[in-house]
Amino acid sequence: MHRDMRKFLFLGLLTVLSTSAFAAESALTVSSSPTPMAPVQTMSATAAGTGSSALLDKIYLNYFAIYHGASLTDLGSTYALDRTGKVNTTQKQLLDGEMTAAYMIDKNVGIGPVVPFLMIPGPGQHMVLGDAGIKIFNRKTISGNGLNVYSNLIVQAPTSTASQDRNMTFALKTTPNVRYNVEHSNFALGAWTEAKAYLGVTKSKTFKLYAAPYVSYNLSDRFALNVEYEMEAHHYLGKPSLDFTNYQTDLQPGIIWFITPRVIFNP
């Protein structure tokens with residue numbers, strides 16, 4: 001899924017969370033998770049210890065990113081699209097991702113640092129740090145009868161320039177996702193979600209809500225068709241508590257290729 005500066009969390013070595021209109025954007029995502037639920041618009045990769053070392057077996061490494069590329073109507077452009085699907089001449093193409101390192105308390109529960117960052121390739125390439133934090137997650141909060149629910153809680157510090165400019169003290173964020181494999185069929189239903197509270201800010205948004213429900217159809221063990229509908233809304237300082245402003249909506253059809261059980265490609 002995209003989103004302006006963001007998404008795809010699943011098993012693999014390549015993969016939001018960024019936004020732009022479906023008709024005009026091309027994107028490649030990368031992420032990682034230890035069990036193949038269905039990615040929706042990203043690609044992923046996990047690196048975890050295997051073999052004889054008990055310590056390495058407790059270490060979990062994950063890189064998740066979304067590539068914001070050129071419009072499908074102008075693939076030679078060096079610019080990415082904005083959340084409305086228009087070419088943004090102030091924004092070069094970029095990778096919006098995060099790196100997570102965790103200690104696995106058991107086979108599904110882990111805790112550790114997470115560092116989000118933007119990587120802008122090409123001339124003048126550089127990296128932009130996001131709000132670093134600590135994440136605790138459970139990959140199978142609910143699991144059984146075709147249903148799997150992943151949950152987490154992330155506490156973030158104001159390490160990004162944007163958060164410092166808004167005087168944020170810290171943020172609380174959660175990105176649970178759910179997937180249900182329909183019995184006796186090739187269909188799966190699921191949703192990516194996010195809620196984030198920006199505490200202490202003195203301007204702009206104070207809360208973000210995001211949801212991307214999807215339907216996936218398995219063509220084979222390696223390929224699946226996927227379509228999701230992405231929605232995001234923000235609450236701004238000074239507005240009534242339940243007054244949220246629509247930030248973006250878009251439709252995202254795609255093809256999922258399970259290159260290996262841990263490498264997923266989803267344009």
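Just so you know, these numbers use all the heavy atoms, side chains as well, and skip hydrogens, waters and symmetry mates. Index from 1, following the sequence.
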The test is side-chain contact (heavy atoms from CB on, under 4.5 Å); show your working for Leu95 and Tyr63 and say whether it passes. CA-CA 11 Å; Leu95 276 169; Tyr63 174 64; 4.2 Å; yes
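- For the pair Phe137/Met104, a side-chain contact is recorded, criterion being any heavy-atom separation below 4.5 Å from C-beta on.
- Following chains of ILVMFWY side-chain contacts shorter than 4.5 Å, one can reach Leu153 starting from Val109, so the two form part of one hydrophobic cluster.
- The side chain to side chain contact (heavy atoms under 4.5 Å, CB included) with Ser151 is formed by just one residue from the set Thr175, Val178, Thr141; it is Thr141.
- Using a 30° and 60° split on the angle between ring planes, Phe265 and Trp257 fall in the perpendicular class, above 60°.
- With values rounded to the nearest 0.5 angstrom, Tyr236 atom OH is found 11.0 Å from Asp243 atom CG.
- No side-chain heavy atom of Lys239 sits less than 4.5 Å from a side-chain heavy atom of Phe244.
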For Tyr79 and Asn88, run side-chain contact (heavy atoms from CB on, under 4.5 Å): C-alpha distance rounded to whole Å, both residues' side-chain angles, the deciding distance at 0.1 Å, then the answer. CA-CA 6 Å; Tyr79 298 108; Asn88 184 348; 5.9 Å; no
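- Minimum heavy-atom separation, Asn218 to Ala224: OD1-CB, 3.5 Å.
- Among all heavy-atom pairs drawn from Ser77 and Ala70, the shortest one is O-CB, 3.6 Å.
- By the criterion of side-chain heavy atoms lying less than 4.5 angstrom apart, applied directly or through intervening Ile, Leu, Val, Met, Phe, Trp or Tyr residues, Ile154 is not grouped with Tyr60; the two fall into different hydrophobic clusters.
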Could you please spell out the steps behind the side-chain contact (heavy atoms from CB on, under 4.5 Å) verdict for Lys140 and Lys107? CA-CA 9 Å; Lys140 294 185 178 182; Lys107 67 179 182 178; over 6 Å; no
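- Contact between Lys92 and Thr78 at its shortest, heavy atoms only, is NZ-OG1, 3.3 Å.
- In this structure, the separation between CG on Asn167 and CG on Asp165 is 8.0 Å, given to the nearest 0.5 Å.
- Arg179 is listed as a side-chain neighbour of Ser216, based on a closest heavy-atom distance under 4.5 Å.
- Both Leu147 and Val215 belong to a single network of hydrophobic side chains, linked directly or stepwise wherever heavy atoms of I, L, V, M, F, W or Y lie under 4.5 Å apart.
- The local environment of CD1 in Ile255 is sparse, with at most 12 non-hydrogen atoms from other residues, nucleotides or ligands closer than 6.0 Å.
- A distance-only check finds no donor-acceptor pair linking the side chain of Thr193 to the backbone of Asn177 [under 3.5 Å].
- Taking all atoms of both residues into account, the shortest heavy-atom contact from His235 to Ser241 is CD2-O, 3.5 Å.
- Expressed to the nearest 0.5 Å, how far OH of Tyr247 lies from NZ of Lys208 amounts to 8.5 Å.
- For the pair Pro176 and Asn152, the tightest heavy-atom approach, listed with the atom from each and the gap, is N-OD1, 4.4 Å.
- Tracing side-chain contacts under 4.5 Å through hydrophobic residues (I, L, V, M, F, W, Y), one reaches Leu225 starting from Leu189; they form part of the same cluster.
- Taken to the nearest 0.5 Å, the OH atom of Tyr180 stands 6.0 Å off from the CD atom of Glu183.
- For the 3.5 Å distance criterion, the side chains of Ser160 and Asp131 qualify, holding a donor opposite an acceptor.
- Judged by distance alone, with hydrogens and angles left aside, the side-chain atoms of Gln164 form a donor-acceptor pair with the main-chain N or O of Pro158 at under 3.5 Å.
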Please lay out, stage by stage, how Asp221 and Phe258 fare under the test side-chain contact (heavy atoms from CB on, under 4.5 Å). CA-CA 8 Å; Asp221 291 341; Phe258 297 87; over 6 Å; no
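- The shortest non-hydrogen separation linking Leu251 to Pro253 is O-CD, 3.6 Å.
- The distance from atom CG of Leu237 to atom NZ of Lys203, rounded to the nearest 0.5 Å, is 11.0 Å.
- Linking ILVMFWY side-chain heavy atoms closer than 4.5 Å, directly or via other members, places Leu199 and Val201 in two distinct hydrophobic clusters.
- Under a cutoff of 6.0 Å and an axis angle of 45°, Lys196 and Phe207 do not form a cation-pi pair.
- With rounding to the nearest 0.5 Å, the separation of NE2 in His126 from CG in Leu94 is 9.0 Å.
- Within the 3.5 Å criterion, the main-chain N or O of Arg139 finds a donor-acceptor partner in the side chain of Asn148.
- A 4.5 Å side-chain heavy-atom check between Arg166 and Lys205 finds at least one atom pair inside the cut-off.
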